[in-house]
Structure formats: C-alpha cells, structure tokens
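Model, not experiment: these values are computed from the prediction. Heads up: numbering here begins at 1 and tracks the sequence.
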Amino acid sequence: MDALTRRRFLISSGVVGGGALAAGAGVLGFHELLKTAEKTKAGDVEDGLPTLVLVTLYGGNDGLNTVVPYTDAAYHSARPELAYAPARVLPLDQRLGLNPMLRGMKRLWDAKQLGIVLGVGYPKPDRSHFKSMDIWQTASPGTPAPTGWVGRWLDGISAATETAVSFEPALPPMLVGKSRIGVCVSYRGLTLPPGVSPDVVSALGQAEPGESEMQARAAASYADLITMNRVVMRSAGSGSAEQGHSGGEEVPATGTGGDNALAAQLALVARCVESQVPTRVYSVSLGGFDTHAGERVWQEALLRHLDDALSAFVDRMGRSTAGRRVTVVVYSEFGRRVRANASDGTDHGTAGPVFVLGHGVAGGFYGEQPSLTDLDDGDLKATTDFRDVFGTVLAHVLAGDPDRYLGGYRAQLLPLLSSR
C-alpha cells in the first residue's frame with residue numbers, strides 16, 4: 001500500500017478510533033507506552049516500581065448502600081425501601097457490611113487486602129458534581145486550583161511523559177501540572193466499517209517512504225488501537241471465573257463523567273504493570289452513580305461491575321512481583337443523602353467511604369463511621385479529610401512530600417500501607 005493510498009484511506013474509510021487522531025498529534029499510543037518498559041529494564045528495577053491506580057466513580061456513589069450500617073436503626077428508618085436487610089449484607093463486623101454485590105471485595109477483605117476509609121469528605125462540601133470532582137482532583141477545597149494533585153507531583157519530579165497515564169476517554173484534571181501533564185490512552189480501540197479487516201488496518205502501521213512524520217504517526221496509531229483491542233479481548237476472555245459479569249455486561253452511564261468499561265481499562269493497566277512500563281500513576285473510571293431514581297437495581301449493576309473488575313485485577317496483580325507493588329484507590333466525588341427521596345433513589349450528599357486495595361495494603365477500617373442522627377442539614381458529617389488518603393499514597397507509594405503537593409495541607413497519614 002503506497003503512501004498516497006494510505007493517506008486516502010485514513011481520510012475517507014470511515015474507520016473511527018478513540019484517540020487515534022490525537023495519537024498522531026503527539027499523544028502517547030499504547031504500543032509506544034509498552035516500549036517504555038525498556039527504560040525500566042535499563043534501570044535494573046527488577047521488582048517493578050510502586051504504582052498507584054486511581055479509580056474514579058463518577059456521579060456520587062451512595063456510600064451508605066455500599067458500606068452498609070446494617071444494624072443501625074436510623075439507617076432503616078431513613079430509607080425503608082432502599083435499606084438492605086441484615087441477612088442480605090456481607091458482614092465485616094457487628095456494625096458494617098458490604099453491599100451483597102461486592103462478594104469479590106469481601107474475599108479481599110478477608111485476605112486483609114482491602115482497607116476501607118470511612119466518612120471521607122472535605123470542609124464546606126459542595127453538592128455540584130463538577131465542583132466537587134474538581135475539588136477532589138485538585139485537592140484544593142478552599143480556592144480554585146489550575147493544577148491537579150498528581151500533576152503537581154509530576155512537576156516536582158520533572159516526570160517523563162509516561163509517568164502518569166489515563167485509560168479514560170479524556171484526561172482527568174488531576175493529571176495536569178504546570179510544566180508536566182499525564183497522557184491519555186483511550187481503551188476503546190477501533191470500530192471498523194464493512195469490508196475492512198483488522199489485518200488491513202494493521203498493515204497501515206508499516207512505514208512508507210516519502211510520507212511526513214505526522215502522517216506516519218497517525219497511520220501507526222490505527223495499528224496501535226488494533227493491538228489494544230487484542231489486549232482487551234484477550235484479557236476479557238482469559239478467565240471467566242475471575243472476570244465474572246464484567247466481560248460484556250452493559251452498566252448504566254450518565255452525563256456526570258466516567259465510562260462503563262472499567263474491566264477493559266484495568267486490563268490495559270495490568271498489561272502495562274506486567275510489562276514493567278515505568279508508569280507510576282494510572283487513572284481509570286466508572287460512571288453512572290447519579291442514582292436519583294430506582295437506585296437499587298441501578299447501583300447493584302454498577303457495584304457488580306466494579307466488584308468483578310477490581311477483584312479480578314487485584315488477583316491478577318498478585319501473580320507478579322511488580323503487581324504486588326500496586327495500590328488501588330477507589331473514590332467518588334460525594335456520597336448521597338441519608339434519607340431516600342420519593343423516587344426510590346437518593347440525592348446528592350456529602351461524605352462516603354474510600355476503598356484502598358492491594359497486596360501491600362494493611363486491610364481493615366480507618367477513620368470513624370459518621371453518625372446517622374447527628375447530621376448537617378440531612379447530610380453526613382465527614383470524619384476523614386480526603387487529603388489524608390491522598391497524602392498517604394503520595395508519601396508511601398509515590399515517595400512525595402504531601403505538604404508540597406496538597407497545597408500546604410498537613411495530611412494525617414494513615415497506616416494503610418504500613419507493611420511497605
């Protein structure tokens with residue numbers, strides 16, 4: 001295929017690739033990302049680098065129906081149609097249990113690989129999805145900030161391009177610094193028009209004499225996305241016992257951000273970790289948690305997808321030395337109100353639990369469960385500042401100074417990773 005034919009194909013074929021044209025404009029492609037593993041091998045880092053995976057649950061997950069205060073009479077009184085009967089809950093102790101869809105997470109809890117930070121929020125909470133998410137991602141509750149907390153860390157270490165990677169449709173603000181920025185590598189691969197096979201598209205990735213650099217990179221990015229498709233499909237089909245429902249089930253999504261294919265994103269993270277790519281921070285997401293109506297069915301589908309994806313990922317990470325150095329943090333921009341609304345749902349609230357998972361995690365509860373009777377205008381009062389969680393992983397996973405990257409906030413470090 002000559003350069004002119006390929007150029008015409010790229011323009012007119014109708015091949016749609018998430019991030020393909022962006023890759024031609026300078027965004028790191030998946031194949032290029034895998035090649036950066038050569039830096040790790042050259043640096044003789046045999047055990048892999050401590051790695052952080054941030055999982056954002058967009059929409060405001062209902063923490064009270066995720067980590068359930070199943071013996072609290074106030075819980076059952078405030079939401080009689082939504083509250084879980086004690087017999088359905090997966091008990092963690094005499095007060096709190098997991099949603100019945102989180103069986104994989106319960107197994108990780110029993111293995112001491114799951115830490116649950118209770119009542120996480122920030123002062124003077126904002127109930128706007130976008131403002132609250134901006135606060136979490138910039139770690140700046142008091143004043144607007146132009147950079148994310150991970151982005152400031154990238155600035156501080158003069159990070160290489162591949163140091164922070166998002167496998168989401170768009171780059172999240174938390175990976176943006178002043179002089180350094182993370183890269184966005186969409187997991188979505190290619191949708192091929194009739195008559196165009198993957199082999200044909202892969203052939204486009206071969207260099208052609210006489211073409212410009214930009215054209216060559218744009219063409220190569222299509223072949224790169226074919227590679228991504230193969231990685232994701234191989235992972236989704238490599239172990240149904242582990243993947244459970246996550247292989248092909250559609251879950252709800254809303255306009256509040258995130259996507260509905262967490263398992264696919266984590267499959268790419270796993271491939272990178274196992275290849276010893278020198279990325280230190282990965283960002284992935286799951287959307288759809290804005291459960292104003294019909295919450296029970298909606299949230300259960302989302303939590304089942306979350307459980308399947310996370311438990312399979314942590315299990316897979318346990319099979320390699322590099323994987324055992326991975327820490328996963330799962331958070332949402334806010335919880336929901338204590339009392340159910342008239343539509344069998346819940347409205348925007350405040351504090352909620354944060355999950356921290358991995359083979360280096362000291363499992364158990366951290367912080368205090370907020371009172372369901374001592375409320376702030378019907379909402380939970382936060383008992384743990386979210387910057388304490390982020391400060392802990394900054395210090396113990398990324399070897400960074402929390403005071404420097406959290407806007408001067410003096411984080412109270414949690415013993416979540418004391419075994420490291």
All heavy atoms of Ala74 vs all of Thr373, minimum pair found to be CB-CG2, 3.9 Å
Test side chain to side chain contact (heavy atoms under 4.5 Å, CB included) applied to Ser132 - qualifying residues, sequence neighbours left out
Tyr122, Trp136, Glu333, Phe334
Between the side chain of His76 and the main-chain N/O of Tyr70, is any donor-acceptor distance below 3.5 Å?
yes
Between Thr392 and Leu414 the two heavy atoms that sit nearest each other are OG1-N, 2.9 Å
All side chain to side chain contact (heavy atoms under 4.5 Å, CB included) counterparts of Asp379, not counting sequence neighbours
Arg127, Arg337, Thr350
Got Val397 and Thr51 here, is their nearest side-chain heavy-atom distance under 4.5 Å?
no
Answer yes or no: is there a side-chain heavy-atom contact under 4.5 Å between Glu168 and Ser285?
yes
Donor on one side chain, acceptor on other, Glu162 and Thr279, under 3.5 Å
no
Could you check whether any side-chain heavy atom of Thr138 comes within less than 4.5 Å of a side-chain heavy atom of Thr147, counting everything from C-beta outward?
no
I'd like to know if Glu274 pairs up with Arg325 as an ion pair, taking the criterion as any Lys NZ or Arg NE/NH1/NH2 lying under 4.0 Å from an Asp or Glu carboxylate oxygen.
no
Evaluation steps, side chain to side chain donor-acceptor pair (under 3.5 Å), between Asp388 and Tyr409
CA-CA 9 Å; Asp388 295 339; Tyr409 174 78; 2.9 Å; yes
Which heavy atom of Leu171 sits nearest a heavy atom of Cys184, and at what distance?
N-SG, 3.8 Å
Determine, step by step, whether Tyr331 and Met133 satisfy the side chain to side chain contact (heavy atoms under 4.5 Å, CB included) criterion, reporting the C-alpha distance in whole Å, the side-chain angles of both residues, the deciding distance to 0.1 Å, and the verdict.
CA-CA 10 Å; Tyr331 74 96; Met133 186 55 71; 4.0 Å; yes
Can you see which heavy atom on Arg324 is nearest to which on Gly318, and at what distance?
NH1-O, 2.8 Å
Euclidean distance, Met174 CE relative to Gln137 CD, rounded to 0.5 Å
4.5 Å
For Asp110, what residues pass the salt bridge (charged side-chain N to carboxylate O under 4.0 Å, His left out) criterion, not counting sequence neighbours?
Lys106
Check Leu406 against Ala139 and note the closest heavy-atom contact, atom names and distance.
CD2-CB, 3.8 Å
Determine whether Val150 and Leu394 satisfy the following criterion, side chain to side chain contact (heavy atoms under 4.5 Å, CB included), listing intermediate values before the conclusion.
CA-CA 9 Å; Val150 176; Leu394 269 168; over 6 Å; no
Report the C-alpha separation of Leu417 and Val361 in whole Å, then their side-chain angles, then the decisive distance to 0.1 Å, and conclude whether the side chain to side chain contact (heavy atoms under 4.5 Å, CB included) test is met.
CA-CA 5 Å; Leu417 303 166; Val361 170; 3.8 Å; yes
Would you indicate whether the side-chain heavy atoms of Val393 and Val329 approach each other to under 4.5 Å?
yes
Mind checking what makes salt bridge (charged side-chain N to carboxylate O under 4.0 Å, His left out) contact with Glu368, not counting sequence neighbours?
none
Please confirm whether the backbone N or O of Gly288 pairs with a side-chain atom of Trp298, one donor and one acceptor, at under 3.5 Å?
yes
Considering the options Arg339, Arg79, Arg336, which one meets the salt bridge (Lys or Arg N to Asp or Glu O under 4.0 Å) requirement together with Asp62?
Arg79
Go through the side-chain N and O atoms of Tyr58 and Ser332 and say whether any donor and acceptor fall under 3.5 Å apart.
no
Any chance you could lay out the side chain to side chain contact (heavy atoms under 4.5 Å, CB included) test for Leu266 and Val53, step after step, and finish with the verdict?
CA-CA 9 Å; Leu266 288 175; Val53 180; 4.1 Å; yes
Which of these passes ring-ring contact (aromatic ring centres under 6.0 Å, His included) with Trp149: Tyr405, Phe386, Phe390?
Phe390
Sequence-distant partners of Arg107, side chain to side chain contact (heavy atoms under 4.5 Å, CB included), two or more places apart
Ser311, Asp315
Sub-4.5 Å side-chain heavy-atom contact between Pro123 and Asp385
yes
For the residue pair Thr66 / Asn99, report whether a side-chain donor-acceptor contact shorter than 3.5 Å exists.
no
What distance separates Phe167 CZ from Leu262 CG, expressed to the nearest 0.5 Å?
12.5 Å
According to salt bridge (charged side-chain N to carboxylate O under 4.0 Å, His left out), who are the partners of Asp403, at least two apart in sequence or on a separate chain?
Arg410
Is any side-chain N of the basic residue among Arg95 and Asp72 closer than 4.0 Å to the acidic one's carboxylate O?
no
Do you know which two heavy atoms are closest between Glu295 and Gly345, and how far apart they sit?
CB-CA, 3.9 Å
If you round to the nearest 0.5 Å, how far is OG1 of Thr291 from CG of Leu302?
8.5 Å
Within the 4.5 Å heavy-atom criterion, are Leu118 and Ile116 side-chain neighbours or not?
yes
Within this structure, what is the OH-CG distance for the pair Tyr282 and Leu52, rounded to the nearest 0.5 Å?
11.0 Å
Can a donor-acceptor pair be found between the side chains of Asp307 and His305 at a distance below 3.5 Å?
no
Within-4.5 Å side-chain heavy-atom neighbours: Leu398 and Val281
yes
Taking the side chain from Glu32 and the backbone from Gly29, do they hold a donor-acceptor pair closer than 3.5 Å?
yes
Rounded to the nearest 0.5 Å, the CD atom of Gln276 sits from the OG1 atom of Thr36 at a distance of 11.0 Å
Separation between CG (Asn65) and CZ (Arg296), nearest 0.5 Å, reads 6.5 Å
When you compare the side chains of His292 and Asn341, does any donor N or O come within less than 3.5 Å of an acceptor on the partner?
no
Between Leu82 and Thr346, is any pair of side-chain heavy atoms under 4.5 Å apart?
yes
